[in-house]
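Residues take their numbers from the sequence shown, with the count starting at 1. Just so you know, these numbers use all the heavy atoms, side chains as well, and skip hydrogens, waters and symmetry mates.
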Amino acid sequence: MRFDRRAFLGGVGGLAVGAGVATAVESSDAQDEGDPDGSVEFYGERQAGIVTPTQSRLHIAAFDVVDGTSREDLRDVMREWTAASARMTAGKSLASGAVELLAPPADTGEADGLPASMLTVTFGFGSSLFERYRLSSQRPDALRELPPLPGDELDPDRSGGDLCVQACANEPEVAFHAVRNLARIGRGAVVMRWSQLGFGRTAKTVASQQTPRNLMGFKDGTNNITAEQTESLLKHVWVGAEGPPWLRGGTYMVTRRIRMLIEVWDRASLGDQEATIGRQKASGAPLGRAAEHDSMDLAARGRDGQPVIPANAHIRLAAPVSNGGERILRRGYSFTDGFDPELGQLDAGLFFIAFQRDAHRQFVPIQTRLGRDALNEYIKHVSSGLFAVPPGVRGRRDYIGRALLESV
């Protein structure tokens with residue numbers, strides 16, 4: 001064992017997992033936007049942060065398990081991460097009890113005085129974790145590595161990972177604080193592989209939210225699945241009887257860091273931009289229509305005989321009707337990571353997050369079809385990940401991934 005287990009277990013002030021937890025039901029996550037400073041119930045049938053109303057800020061990170069960390073050690077990490085997440089999502093500090101001046105603080109403190117800010121913390125397991133712990137019999141086939149996809153220029157150091165933690169909140173310090181403290185708690189057992197900060201949601205997950213715009217200035221996610229569409233969620237998002245018992249009721253998360261060549265985009269004419277996306281920039285309406293939520297007419301042709309929505313337009317290729325009816329639940333964010341001196345351009349774009357029942361049946365065919373997308377002239381995919389997201393934590397003796405990590 002490579003880390004001080006006694007110090008580790010004391011890292012969150014002796015939290016009791018699930019203490020004082022109220023009974024939660026699936027519908028608790030299908031709320032409207034509510035109070036932006038309020039809290040989201042951590043415990044329930046599903047993990048929060050999937051169909052929860054999309055918050056304004058993101059901090060997502062992947063971790064690798066340190067060599068020599070036993071399965072018992074990893075179970076300790078997940079117990080402590082579960083307890084800490086329950087406190088942080090309730091707007092509580094991780095510090096409790098007497099202050100010890102000769103020991104590091106139990107909470108890093110940058111979120112002290114801030115509200116819960118609708119913080120959600122969502123966990124996923126990568127395929128590589130199963131290899132480390134000889135859990136191949138528990139690894140679903142749908143968790144196999146994604147194949148090479150159009151637009152891939154992937155950096156392996158910014159892709160994959162044994163574990164994934166997605167923190168979303170309406171205050172940037174609150175989301176950052178969550179990931180920072182989980183990394184601190186797990187130090188010695190897990191090490192951060194990559195992380196990404198995001199701002200400006202690029203999807204809505206409840207009907208009451210307005211459709212946001214991405215860094216290209218277009219409305220993004222108009223036809224996203226929302227929390228109210230329970231039948232669509234069951235069909236396209238939640239894993240059913242096809243999955244192993246530990247994953248049923250969970251989902252799969254795909255992450256993609258998509259670099260936008262926004263300086264090139266900014267030089268394109270408005271007409272070219274609209275033809276590339278297939279929507280009007282100002283209103284968000286499909287080309288040939290008047291309003292954002294008007295149905296797109298993929299058969300419509302102009303006076304020149306050409307399709308009103310071009311054959312290589314993004315919305316045509318991504319539409320469910322073009323992909324055998326398959327849909328995914330998007331939950332992405334814009335990002336900017338300063339300036340790329342090699343290209344003389346901003347390092348900015350979309351951190352794409354999507355949840356689905358089977359990424360190989362849903363995301364992969366859609367992304368493959370997007371290989372003909374006119375948008376590819378302006379983007380490139382630089383990181384990628386696939387994680388199995390188990391169902392929620394149901395009570396005081398439960399923790400994230402318990403059914404998997406305690407399997408024989």
_Nearest heavy-atom neighbours spanning Leu146 and Gly385_ = CD1-O, 4.3 Å

*Pair Arg357-Glu242, side chain to side chain contact (heavy atoms under 4.5 Å, CB included): steps then yes or no*: CA-CA 10 Å; Arg357 192 167 176 171; Glu242 78 280 3; 2.8 Å; yes

*Looking just at side-chain N and O atoms, do Thr205 and Thr54 make a donor-acceptor pair shorter than 3.5 Å?*
yes

*Using a strict 4.0 Å threshold on nitrogen-to-oxygen distance, state whether Arg71 and Asp76 make a salt bridge.*
no

_Worked check of side chain to side chain donor-acceptor pair (under 3.5 Å) between His177 and Asp107_ = CA-CA 9 Å; His177 170 265; Asp107 190 297; 2.9 Å; yes

*Please indicate whether Glu342 has more than 12 foreign heavy atoms, meaning atoms of other residues, nucleotides or ligands, lying under 6.0 Å from its CD.*
no

*Report the C-alpha separation of Tyr252 and Trp238 in whole Å, then their side-chain angles, then the decisive distance to 0.1 Å, and conclude whether the ring pair (Phe, Tyr, Trp, His ring centres under 6.0 Å) test is met.*
CA-CA 8 Å; Tyr252 292 95; Trp238 306 128; over 10 Å; no

*asked:* Please check: side-chain N/O of Arg394 versus main-chain N/O of Gly44, any donor-acceptor pairing under 3.5 Å?
replied: no

*Measure the CG-CD distance between Asn224 and Gln209 for me, rounded to the nearest 0.5 Å.*
9.5 Å

*Using a strict 4.0 Å threshold on nitrogen-to-oxygen distance, state whether Arg330 and Asp220 make a salt bridge.*
yes

*Using modelled atom types only, decide if a donor and an acceptor are shared between the side chain of Arg87 and the backbone of Ala84 within a distance under 3.5 Å.*
no

*Write down the atom of Leu119, the atom of Gln55, and the distance for their closest heavy-atom approach.*
C-NE2, 4.2 Å

*Are the side chains of Ser269 and Asp272 in touch, meaning some heavy atoms are under 4.5 Å apart?*
yes

*Ile379 side chain reached by Arg259 side chain, heavy atoms, under 4.5 Å*: no

*Short N-O contact, Arg79 and Asp398, less than 4.0 angstrom*: no

_Under the criterion side chain to side chain contact (heavy atoms under 4.5 Å, CB included), I'd like the reasoning laid out for Leu375 against Met216: C-alpha separation, chi angles, the key distance, then a yes or no._
CA-CA 11 Å; Leu375 192 58; Met216 290 178 164; 3.7 Å; yes

_Distance-minimising heavy-atom pair for Leu94 and Met88_ = CD2-CG, 3.9 Å

_For Arg257, is there an ion pair with Asp155 - N to carboxylate O distance below 4.0 angstrom?_
no

*Spacing of CG belonging to Asp35 relative to CG belonging to Asp37, to within rounding of 0.5 Å*: 5.0 Å

_Side chains of Tyr378 and Met260 in contact at under 4.5 Å (non-hydrogen atoms)_ = no

*After noting the C-alpha distance and the side-chain angles of Leu135 and Ser407, does the key distance pass the side chain to side chain contact (heavy atoms under 4.5 Å, CB included) rule?*
CA-CA 9 Å; Leu135 289 167; Ser407 62; 3.8 Å; yes

*Using a distance-only test with no angle check, is there a side-chain donor-acceptor pair under 3.5 angstrom linking His381 and Arg256?*
yes

*Side chains of Ser56 and Arg201: do they bring a donor and an acceptor to under 3.5 Å?*
no

*Keeping the roles fixed (side chain from Asn323, backbone from Gly325), state whether a donor-acceptor pair exists under 3.5 Å.*
no

*Atom pair OG1 (Thr202) and CZ (Phe218), whose distance is rounded to the nearest 0.5 Å*: 15.0 Å

*Any sub-3.5 Å donor-acceptor pair from Glu41's side-chain atoms to Tyr43's backbone N or O?*
yes

_Verdict with reasoning, Trp246 to Phe130, per ring pair (Phe, Tyr, Trp, His ring centres under 6.0 Å)_ = CA-CA 13 Å; Trp246 66 267; Phe130 295 77; 5.8 Å; yes

*For Gln280 and Ser283, run side chain to side chain donor-acceptor pair (under 3.5 Å): C-alpha distance rounded to whole Å, both residues' side-chain angles, the deciding distance at 0.1 Å, then the answer.*
CA-CA 6 Å; Gln280 298 173 31; Ser283 68; 3.2 Å; yes

*asked:* Any side-chain to backbone donor/acceptor pair from Arg184 onto Val179? Under 3.5 Å, distance only.
replied: no

*Could you give me the CA-CA distance, side-chain angles and deciding distance for Gln196 and Asp337, then say whether side chain to side chain donor-acceptor pair (under 3.5 Å) is met?*
CA-CA 9 Å; Gln196 181 67 58; Asp337 289 331; 3.2 Å; yes

_Whether Arg75 side chain and Leu405 backbone form a donor-acceptor pair below 3.5 Å_ = yes

*asked:* I'd like to know if Arg57 pairs up with Glu171 as an ion pair, taking the criterion as any Lys NZ or Arg NE/NH1/NH2 lying under 4.0 Å from an Asp or Glu carboxylate oxygen.
replied: no

_With a sphere of 6.0 Å drawn around NZ of Lys92, does it hold more than 12 non-hydrogen atoms of other residues, nucleotides or ligands?_
no

*Rounded to the nearest 0.5 Å, how far does CG of Leu404 lie from CG of Leu129?*
7.0 Å

*Any side-chain donor paired with an acceptor under 3.5 Å for Glu72 and Ser70?*
no

*Please lay out, stage by stage, how Ile60 and Val165 fare under the test side chain to side chain contact (heavy atoms under 4.5 Å, CB included).*
CA-CA 6 Å; Ile60 188 170; Val165 177; over 6 Å; no

*asked:* Under a 3.5 Å cutoff, is there a donor and acceptor pairing between the side chains of Lys204 and Gln210?
replied: no

_Donor-acceptor contact present, side-chain Asn170 to main-chain Pro36, <3.5 Å_ = yes

*pair Leu233-Val51: side-chain heavy atoms closer than 4.5 Å*: yes

*In terms of side-chain heavy atoms, does Tyr399 have a donor or acceptor partner in Glu406 at a distance below 3.5 Å?*
yes

*From Arg193 CZ over to Ser383 OG, what is the distance, rounded to the nearest 0.5 angstrom?*
10.5 Å

_Using side-chain heavy atoms (C-beta onward) and a distance below 4.5 Å, is Leu182 in contact with Ser85?_
yes

*Out of curiosity, Gln166 CD to Thr122 OG1, how far, rounded to the nearest 0.5 Å?*
4.5 Å

*What orientation do Phe176 and His59 show, parallel under 30°, tilted 30 to 60°, or perpendicular over 60°?*
parallel

*Side-chain contact test, heavy atoms from C-beta onward, threshold under 4.5 Å: evaluate it for Asp162 versus Tyr133 and give yes or no.*
no

*Classify the angle between the aromatic ring planes of Phe123 and Phe42 as parallel (below 30°), tilted (30 to 60°) or perpendicular (above 60°).*
perpendicular

*For the residue pair His314 and Asp373, confirm or rule out a side-chain donor-acceptor distance under 3.5 Å.*
yes

_I'd like to know if the side chain of Arg331 and the backbone of Gly49 have a donor-acceptor N/O pair within less than 3.5 Å._
yes

_Exam field: side chain Thr82 to backbone Ile400, donor-acceptor pair closer than 3.5 Å_ = yes

_The test is side chain to side chain donor-acceptor pair (under 3.5 Å); show your working for Glu292 and Thr211 and say whether it passes._
CA-CA 9 Å; Glu292 176 193 350; Thr211 307; 2.5 Å; yes

*Which pair of heavy atoms, one from Leu287 and one from Arg279, lies closest together, and at what distance?*
CD2-C, 3.7 Å

*Do Asp340 side-chain atoms and Leu346 backbone N/O form a donor-acceptor pair below 3.5 Å?*
no

*What closest approach, in Å, do Ile309 and Asp297 show between heavy atoms, and which atom pair accounts for it?*
CD1-O, 4.2 Å

_Atom of Ala313, atom of Ala275 and distance for their closest heavy-atom approach_ = CB-O, 3.5 Å

